[in-house]
Amino acid sequence: MKIAFIVNKFPVLSETFILNQITGLINRGHEVHIYGSPPDDASKFHPDVETYNLLKHTYYALSVPKNHFWRLLKGLGFIIANFNQAPLVILRSLNFFRYGRNAASLRLLYSIIPLLKIQTYDIIHCQFGIQGNQGLIYRELGAIQGKLITCFRGYDISWYVQEYGEQVYDELFIKGDFFLTNCEFFKKRIIKLGCDQNKVVVHGSGIDCSRFQFQVRKLKSDGKIRIATTGRLVEKKGIEYAIRAVTKVLNIHENIEYNIIGDGELKAHFEQVIRELGVAEHIKLLGWKNQQEIIEILDRAHIFIAPSVTAKDGNQDAPVNTLKEAMAMGLPVIGTFHGGIPELVQDGISGFLVPERDADAIAEKLSYFIEHPEIWEQMGKAGRAYVEAHYDIHKLNDELVEIYRQVLANNLYSCRVQQPQPTITTECV
């Protein structure tokens, strides 16, 4: 199959779930092209980007000049250079009666130019609902052709809907060919918003379990308890509550090291909180790390915390991949009753779940883990087994290919997801 991925930015270290799908499809003999914008930091990317030479197959949206005169001048140049190739597409992109400011500002024209080189695909896979809306416009313009599949993953079905209204995907739900969500929690939400329940299945974000070696967690001779969190430093990750929880536990158990891997808009705030609490010797903000560096840090850890919360702007998480990676490595975990996380962490079996924004509850479970290291092995094994059974990228990529084939065959109503919770199995009959 010939497949177009429409993404926001590429490559992005925090979105290995997209990269895993791309490389999995390539390994299965399919051709994948990527359309999006350059990343904010092009110096850090997953080694698979280079291994698979993905940038050669990535087409970036053209930068739109802020200066309106220069924007118009360049836009005229694009029209002249490409008009013979796709006259109707270019003229439609300028229809401000249909596309409003997006057309009048020439942003739509600039965005379709990279699409004109290769217009026809079997599948147009839009990562996130926002890109689904973009893909729908591109297809309506005739800039791209193919079956349109949109995957909803988190902020697109939480914050974006709260910000722009519950009608924001109405046209996409009608005209899109098929939909995926990465958890049952978000599947129920898009059905409530108007998506035909026969056009959506749950397709989880997978990880390559072979890259995350399991090991039984045991105390070292120094007796230090090493705790870790991986995630962007933004509100919905709830990291401040973990910082305050660890600070509380330090009053009883002094031999703790808490490493936070990631970066984001709240970094300066967290640095201030850590200074004010006087715990800078115990709690470290490590910044972004590549996958191998993260694995090395988690190898030395004993406990993993994923304290996600519903942000004030409505943003929510699915079962996050960083949590899956930690569980695959045998780490007992603490998560929250939030979004899709209860579909991943089995409370009391592979870890503990606590209410959102409850530092006291995190501290309580953390103390229990520290005082009962004998349960680490059992919980770690349970977590690894669950991730292998439900989130193995190789199984999920096979499932994705089958979904594509059913969509191409217009066989949507015979492809269903059977989910005796929390099992995820696609069966096409």
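Owing to the predicted nature of the structure, the values given are computational and were not obtained by experimental measurement.
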Q. What residues form a side-chain contact (heavy atoms from CB on, under 4.5 Å) with D263, not counting sequence neighbours?
A. L233, K267, W288

Q: Check the side chains of N53 and K56 for a donor-acceptor pair under 3.5 angstrom, ignoring hydrogens and angles.
A: no

**Q.** Partner set under salt bridge (Lys or Arg N to Asp or Glu O under 4.0 Å) for K312, not counting sequence neighbours
**A.** E235

Q | Summary of salt bridge (charged side-chain N to carboxylate O under 4.0 Å, His left out) pairs that have at least one residue in residues 144-160, sequence neighbours excluded | A | none

Expected list for residues 90-99: side-chain donor-acceptor pairs under 3.5 angstrom, two or more places apart:
{"from": "R92", "atom 1": "NH1", "to": "L141", "atom 2": "O", "distance (Å)": "2.6"}
{"from": "S93", "atom 1": "OG", "to": "I90", "atom 2": "O", "distance (Å)": "2.7"}
{"from": "N95", "atom 1": "OD1", "to": "F97", "atom 2": "N", "distance (Å)": "3.1"}
{"from": "N95", "atom 1": "OD1", "to": "R98", "atom 2": "N", "distance (Å)": "3.2"}
{"from": "R98", "atom 1": "NE", "to": "E140", "atom 2": "OE2", "distance (Å)": "3.2"}
{"from": "R98", "atom 1": "NH2", "to": "E140", "atom 2": "OE1", "distance (Å)": "3.0"}
{"from": "R98", "atom 1": "NH2", "to": "E140", "atom 2": "OE2", "distance (Å)": "3.1"}
{"from": "R98", "atom 1": "NH2", "to": "E171", "atom 2": "OE2", "distance (Å)": "2.9"}
{"from": "Y99", "atom 1": "OH", "to": "E140", "atom 2": "OE2", "distance (Å)": "2.4"}

Expected list for residues 293-302: side-chain donor-acceptor pairs under 3.5 angstrom, two or more places apart:
{"from": "E293", "atom 1": "OE1", "to": "N290", "atom 2": "N", "distance (Å)": "2.9"}
{"from": "D299", "atom 1": "OD1", "to": "Q215", "atom 2": "NE2", "distance (Å)": "3.0"}
{"from": "R300", "atom 1": "NH1", "to": "E296", "atom 2": "O", "distance (Å)": "3.3"}
{"from": "H302", "atom 1": "ND1", "to": "R226", "atom 2": "N", "distance (Å)": "2.9"}
{"from": "H302", "atom 1": "NE2", "to": "K218", "atom 2": "O", "distance (Å)": "3.2"}

**Q.** All pairs passing salt bridge (charged side-chain N to carboxylate O under 4.0 Å, His left out) where residues 130-139 contributes a residue, at least two apart
**A.** R139-D177

Q | Residue pairs, two or more places apart or on separate chains, that pass salt bridge (charged side-chain N to carboxylate O under 4.0 Å, His left out) and touch residues 129-138 | A | none

(Q) Tell me whether D208 is salt-bridged to R211, with the criterion being a basic N under 4.0 Å from an acidic carboxylate O. (A) yes

(Q) I'd like to check the side-chain hydrogen bond (donor to acceptor under 3.5 Å, both in side chains) partners of K237; sequence neighbours left out, ordered by chain and number. (A) D317

Q | With Y404 via side-chain hydrogen bond (donor to acceptor under 3.5 Å, both in side chains) - residues at least two apart | A | H125

Per-pair distances, 0.1 Å, donor-acceptor, side chain in residues 74-83, under 3.5 Å, sequence neighbours excluded:
{"from": "N82", "atom 1": "ND2", "to": "F78", "atom 2": "O", "distance (Å)": "2.8"}

Q.
With salt bridge (charged side-chain N to carboxylate O under 4.0 Å, His left out) as the rule and sequence neighbours excluded, what pairs involving residues 2-25 come up?
A. K9-D40

**Q.** Residues which pass salt bridge (Lys or Arg N to Asp or Glu O under 4.0 Å) with K284, listed by chain and number, not counting sequence neighbours
**A.** none

